[in-house]
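To start, the structure itself, in structure tokens.
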Amino acid sequence: MRFNPKARLDTRRTRHAGGGGGGGRGPSLGRGGSLPGGAIGGGSIGAVIVAVLVFAAISYLGGGEDGGPATYDTERYAACETGEDASTSADCARVAVENSLHDFWTDELGSRYEPISALTTFEGSVSTRCGGATSDVGPFYCPVDDGIYLDSGFFDDVLERQLGGPDGGFVEAYVLAHEYGHHVQDVLGTMSRVRTQQGPTSDAVRLELQADCYAGMWARAATTTEDAAGEVLITELTDEDVRLALEAAAAVGDDRIQERTQGQVTEESWTHGSAEQRVRWFRTGLDTGSLEACDTFAADRL
Ligand SMILES: [Zn+2]
């Protein structure tokens, strides 16, 4: 992934929680609890990404409880000014990807679109209106406050090291795009249609596969999406970037997770879909760039 060095970055929606003694005083998000087998810090990208997306599902199940006041480190992203900064800083690359996602969905949905409240990074724990969350939770979307939450240390320390350098950054981009997909579902009212929470054809699985499809839609358009000034921010997305995203999507398939953590596959408890499904729906978004093609709720074959 390459950034246009001249493009300006917009840091208004990106912030870092902390600076005033940390958040996390709110109630635990609860669902899912601890990671099976303590996957964080494990040896494979698969184990790591399990931690990333297993818990994305809890975001829309929780809600309603105010996690209490939070303070923000306003300096954290202040130095992210241009695409050149995004090429040299993981923090600024995060801002750039957020900007690209914002621009893409603003173009795609027009007047129907409402921005996220913020992409909030944290280390350790964070308070949200969906409850308090710790680093174990991994990235998630909270529909109560329209916010995306991401443990930045998780990507810095684990993903980047394991993937060996900046190219690993696109895995984070895929995860961000997936969470942005949940926001789009929230904006379009899709999230509120979810009735069945588990099973291979459940609404929960349809919601997750659609978020993957939306992530693919953005990936298709990323290198042609312009900012408000008419500048393309992401100038190159390589085959290797896409391969990493697909590998990430496969690694978080319910069947892969269950094989790793339980030694068997139990379709009845699926919440996100199989590895094959997640890859295929990301690819559907990537190949078609079509909201209609991403309508997993209408699909006969998931
Ligand atoms: Zn998700």
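Whatever order the structure lists ligands and atoms in, that order sets their numbers, starting from 1. The shown structure was predicted, so the numbers you read here are calculated from the model rather than taken from an experiment.
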* Asked: Are Phe282 and Tyr174 near enough that their ring centres are under 6.0 Å apart?
  -> yes
* Is the Tyr214-His183 ring centre distance short of 6.0 angstrom? -> no
* Shortest-distance N/O/S atom, His182 versus the Zn ion (ligand 1) -> NE2
* Can you name the N, O or S atom of Glu208 that is closest to the Zn ion (ligand 1)? -> OE1
* To do: Check whether any N, O or S atom of His178 sits under 2.8 Å from the Zn ion (ligand 1).
  => yes
* Quick check: does Glu179 have an N/O/S atom under 2.8 Å of the Zn ion (ligand 1)? -> no
* Asked: Is it true that the side chains of Ser274 and Arg256 contain a donor and an acceptor less than 3.5 Å apart?
  -> no
* Which class fits the ring pair His102 and Tyr113: parallel under 30°, tilted 30 to 60°, perpendicular over 60°? -> perpendicular
